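Report on one structure; see the data block that follows.
Computed from a prediction, not measured in an experiment: that's the story for all the values here. Starting from 1, each residue takes its place in the sequence as its number.
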Amino acid sequence: METKATQPRRRSIGARRNPQTETAIIEAARQLLADRGYAGFSIEEAARRAGAGKATVYRWWPTKADLFMAAYGAEKARAISLPDTGSLIEDLVQHTADLWRFWRTPPGGAFRALLAEAQASEAAGSRLRNEFLPVLFRPVRHLFERAAARGEFPAQLIDERIALWAGFNWYHLLTWQIDADEALLRRVETLVVSTEIRAG
């Protein structure tokens, strides 16, 4: 949905972020993402909707991908809360089902485009791997770390199992197969959690 008018211009306070301006830009970017998806997402339009200067937005988020990740992360945080069932498998089943539900919305589904863009160059892929993924994986890592603290899962296996979990999810996202099937999710999460699977 298009906004009716550009917001009044907000003042920046240099390199130090003005919390009110930052909130306005993220909210404008969230709305833009919902309205137009990744293809129609731009720093210029987000700045216009927020009533902020383009220079301010570029200083805080140097690329479209940076601002997209901020907006995507805010939208995802609003849509998904972390489960705490006391069981890693149950937590993963619920979290994955919630994630797939989010990916079926326009803002969530726009993540496909970022993954595709990251294949365009080694630099883009490196940014996805080294800058964005640690933030994206923070919630599921928390589930694993909490399970390890309970003695339910070996901490030394966390990184490889997050990679398995992500591979399963991204395969389904990129092939448009994200209608959550609880039986499938439970089978896969059981495999992900299994300590019988070892890296060769």
Side-chain angles (χ1 to χ4, degrees), residues 1-81 95-96 98-140 166-167 169-180:
M1 180 180 66
E2 295 289 333
T3 53
K4 292 184 179 179
T6 302
Q7 296 296 317
R9 181 59 60 92
R10 298 176 185 272
R11 293 176 62 97
S12 170
I13 49 177
R16 183 164 56 91
R17 295 191 181 189
N18 179 321
Q20 185 180 13
T21 300
E22 181 177 10
T23 298
I25 294 168
I26 293 293
E27 182 60 27
R30 284 184 55 251
Q31 293 175 2
L32 178 58
L33 183 60
D35 290 347
R36 299 188 182 177
Y38 193 75
F41 188 83
S42 71
I43 285 179
E44 290 78 6
E45 179 61 15
R48 187 190 70 78
R49 291 188 179 201
K54 287 189 294 184
T56 297
V57 184
Y58 274 111
R59 183 165 57 248
W60 296 347
W61 297 281
T63 70
K64 170 182 174 177
D66 288 303
L67 183 57
F68 168 82
M69 284 304 305
Y72 175 86
E75 192 72 23
K76 183 180 172 186
R78 289 166 67 120
I80 302 176
S81 58
H95 180 62
T96 304
D98 289 345
L99 179 62
W100 286 19
R101 190 175 303 111
F102 174 60
W103 279 344
R104 293 196 297 270
T105 68
F111 184 56
R112 284 190 194 91
L114 181 69
L115 292 178
E117 185 174 271
Q119 309 312 303
S121 71
E122 185 176 350
S126 177
R127 289 205 69 206
L128 174 67
R129 180 177 64 252
N130 297 320
E131 297 179 33
F132 298 150
L133 291 193
V135 176
L136 289 172
F137 290 162
R138 194 174 293 154
V140 73
N169 282 285
W170 289 2
Y171 166 77
H172 280 266
L173 174 65
L174 294 174
T175 57
W176 298 81
Q177 300 179 80
I178 49 174
D179 291 321

Cationic N near anionic O, under 4.0 Å, E44 to K54 = no

Give the minimum heavy-atom separation between A34 and P106, together with the two atoms involved.
-> O-CB, 4.0 Å

Atom pair OH (Y72) and CZ (F102), whose distance is rounded to the nearest 0.5 Å = 5.0 Å

Applying side-chain contact (heavy atoms from CB on, under 4.5 Å), run through L32 and R49 and close with a yes or a no.
-> CA-CA 8 Å; L32 178 58; R49 291 188 179 201; 3.8 Å; yes

A65 versus L114, closest heavy-atom pair with distance | CB-CD1, 4.0 Å

Quick one: which residue pairs count as a side-chain hydrogen bond (donor to acceptor under 3.5 Å, both in side chains) with a foot in residues 108-121, not counting sequence neighbours?
-> Y38-E117

Under the side-chain hydrogen bond (donor to acceptor under 3.5 Å, both in side chains) test, which residues partner R101, sequence neighbours left out?
-> D98

On a heavy-atom basis, the closest approach of A29 and A71 is CB-CB, 3.7 Å

Exercise: do W100 and N169 side chains pair donor with acceptor under 3.5 Å = yes

Closest contact, heavy atoms only, I25 versus V57 = CD1-CG2, 3.8 Å

Roughly how far, to the nearest 0.5 Å, is the CH2 atom of W61 from the CD atom of E22?
-> 5.0 Å

Contact check, side chains of M69 and E131, non-hydrogen atoms, under 4.5 Å = no

Under 3.5 Å donor-acceptor, S126 side chain and E122 backbone | no

Considering all heavy atoms, the nearest P134-R129 contact | CD-O, 3.5 Å

Parallel, tilted or perpendicular for F41 and F68, by the 30°/60° rule?
-> perpendicular

Is it the case that more than 12 heavy atoms not belonging to W176 sit under 6.0 Å from its CH2 atom?
-> no

Heavy-atom side-chain proximity of L99 to V140 below 4.5 angstrom | no

For R30 against A74, the heavy-atom pair lying closest together = CD-CB, 3.8 Å

Between R127 and T63, is any pair of side-chain heavy atoms under 4.5 Å apart?
-> yes

